[in-house]
Trainee: 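I have a structure I would like to understand better, so I am pasting it below and will then ask my questions one at a time.
Below, chains carry the letters A, B, ... as their sequence lines are ordered, and counting in each starts from 1.
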Amino acid sequence: MTNDQSTSKEDILKQIVLERLRQTSPTFKVALGSKGGFLHKEQLINEVTKDTNLGRKIVDIQKRYLESLKEGII
Amino acid sequence: MAIILFSRPDHDQIITYLYMHSRELVEYAKQKSHNVLNEERTNANKGRIEGVIKKKRPDLIMFNGHGDERTICGHNNQPLIELDKNHRLLRSTIVYCLSCKSALELGKKSVEDDTTTFIGYEDDFALGRDTRYDSTPSKDKLGNLFLKPSNLLMKSLIKGNTTGDAVEKCKSKMREDISKLRTSSEQNEQDALPYLLIFEQENYVL
């Protein structure tokens, strides 16, 4: 796989995650680790859009969830 | 009768959530007639925690708080236990650490002496909540999805079950909840699923 193809796959995943986050309930908040406190929908989207460490973690968590669904783990 | 130490700081949003949800554990341990040492809020500081561990030699310790690979923190994120500084204080105890990443280095090093058991997390832990219950966290069904299994784990340890059994009970409860939530019509619950899954997968007994 070339770098271009790899980047494209990451971008697609990011778009899927952002679309999932846009559906998030306005009353849902989540804390991930010690930093940042509880984050609401817009903050989660912002972290992913800006590609911060936390944003990449959110993408990874959503990816693992989607893989678990696909593989029938949950 | 076991000696059980709780370190329960209460200084920011996340830690306050843990503080409130762990209150029932302190009561539960008392009901079971254990000798309960509850160091909460400002008392969850290094001087007191070190002193209590040295003097009372608890059988079981629960730490709530922030932390990282090498550190468990208390009130205002003051380091309580640090790898290669005072982690040997945990020798010959069962430790349950609701603190980010503590299982990675601190936990691994702590169990090298074969008399210590360490249950902790290898990654940042995730904690969801429903903002409609900001003033009544104990009624927050979403928050309970994350913390009830953890409380189940600790109650199991308080009852004297093995650490392996306690962790399995916790994970089993989370898997059961995850399975139920998949068909939930509540958007909040659907939103929580990916984070619950991570929480369930990153909990380890060493």
Trainee: Is A:Lys57 close to chain B through its backbone or its side chain, or both, or neither, when contacts mean heavy atoms under 4.5 Å?
Mentor: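 Looking at A:Lys57, just its side chain touches chain B.
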
Trainee: Under a 4.5 Å heavy-atom cut-off, does chain B meet the side chain of A:Leu66, its backbone, both or neither?
Mentor: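 Contact with chain B: none, neither part.
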
Trainee: Before giving the answer on side-chain contact (heavy atoms from CB on, under 4.5 Å), spell out for B:Lys148 and B:Leu152 the whole-Å C-alpha distance, their side-chain angles and the decisive distance to 0.1 Å.
Mentor: CA-CA 6 Å; B:Lys148 283 283 177 193; B:Leu152 197 63; over 6 Å; no

Trainee: With under 30° as parallel and over 60° as perpendicular, where do the rings of B:His11 and B:His75 fit, or are they tilted in between?
Mentor: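 The arrangement is perpendicular - the two ring planes meet at more than 60°.
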
Trainee: Measuring only between side-chain heavy atoms, which start at C-beta, is A:Phe38 closer than 4.5 Å to B:Asp134?
Mentor: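 A:Phe38 does not reach B:Asp134 side chain to side chain.
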
Trainee: Whether the side chain of B:Thr93 engages the backbone of B:Val95 through a donor-acceptor N/O pair (distance < 3.5 Å, no angle test) should be reported.
Mentor: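 Such a contact is absent between B:Thr93 side chain and B:Val95 backbone.
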
Trainee: Which atoms of B:Asp123 come close to chain A, meaning under 4.5 Å heavy atom to heavy atom: side chain ones, backbone ones, both, or neither?
Mentor: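 For B:Asp123, the contact with chain A is made by the side chain alone.
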
Trainee: Answer with side chain, backbone, both or neither: which region of A:Thr24 has an atom nearer than 4.5 Å to a non-hydrogen atom of chain B?
Mentor: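 Interface part for A:Thr24: both.
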
Trainee: Checking B:Asp113 against B:Arg88 for the salt bridge (Lys or Arg N to Asp or Glu O under 4.0 Å) test, could you report, in this order, the C-alpha distance in whole Å, the side-chain angles of both residues, the deciding distance, and whether it holds?
Mentor: CA-CA 9 Å; B:Asp113 66 12; B:Arg88 288 177 187 83; over 6 Å; no

Trainee: By a 4.5 Å heavy-atom criterion (distance strictly below it), what part of B:Ile178 contacts chain A: side chain, backbone, both, or neither?
Mentor: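 Just its side chain gets close to chain A.
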
Trainee: Tell me, side chain or backbone of B:Tyr195 under 4.5 Å from chain A's heavy atoms, or both, or neither?
Mentor: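 Both backbone and side chain of B:Tyr195 come within 4.5 Å of chain A.
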
Trainee: Heavy-atom distance under 4.5 Å to chain A: side chain of B:Asp12, backbone, both or neither?
Mentor: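 Neither part; nothing is under 4.5 Å.
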
Trainee: Tell me if the NZ atom of A:Lys41 is crowded by more than 12 foreign heavy atoms within 6.0 Å.
Mentor: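 For A:Lys41, atom NZ is crowded (more than 12 foreign heavy atoms under 6.0 Å).
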
Trainee: What part of B:Arg182 lies closer than 4.5 angstrom to a heavy atom of chain A: side chain, backbone, both or neither?
Mentor: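 Just its side chain gets close to chain A.
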
Trainee: With heavy-atom distances below 4.5 Å as the criterion, would you say the side chains of A:Val17 and A:Lys63 are in contact?
Mentor: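 Result no, sub-4.5 Å side-chain heavy-atom pair not found.
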
Trainee: At a heavy-atom separation under 4.5 Å, does B:Tyr17 approach chain A through its side chain, its backbone, both, or neither?
Mentor: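 Answer is side chain: those atoms of B:Tyr17 sit under 4.5 Å from chain A.
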
Trainee: Just so I understand: if I count every heavy-atom pair under 4.5 Å between each of B:Leu196, B:Asp130, B:Asp191 and chain A, which residue has the most?
Mentor: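 Going by pairs under 4.5 Å, I would pick B:Asp191.
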
Trainee: Report which part of A:Leu21 has an atom under 4.5 Å of a heavy atom belonging to chain B: side chain, backbone, both, or neither.
Mentor: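 The answer is the side chain of A:Leu21.
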
Trainee: Locate the shortest heavy-atom distance separating B:Gly65 from B:Leu18; write the atom from each residue and the value.
Mentor: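 Between these two residues, the closest heavy atoms are N-CD1, 4.2 Å.
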
Trainee: What part of B:Gln201 is in contact with chain A, defined as an atom under 4.5 angstrom from a non-hydrogen atom: side chain, backbone, both or neither?
Mentor: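 Side chain only.
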
Trainee: Under 4.5 Å from any heavy atom of chain A, what part of B:Ile198 do you find: side chain, backbone, both or neither?
Mentor: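 Side chain only.
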
Trainee: Considering all heavy atoms of both residues, which atom of B:Pro9 and which atom of B:Gly74 are nearest to each other, and what is their separation?
Mentor: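 Result for this residue pair: CB-C, 3.7 Å.
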
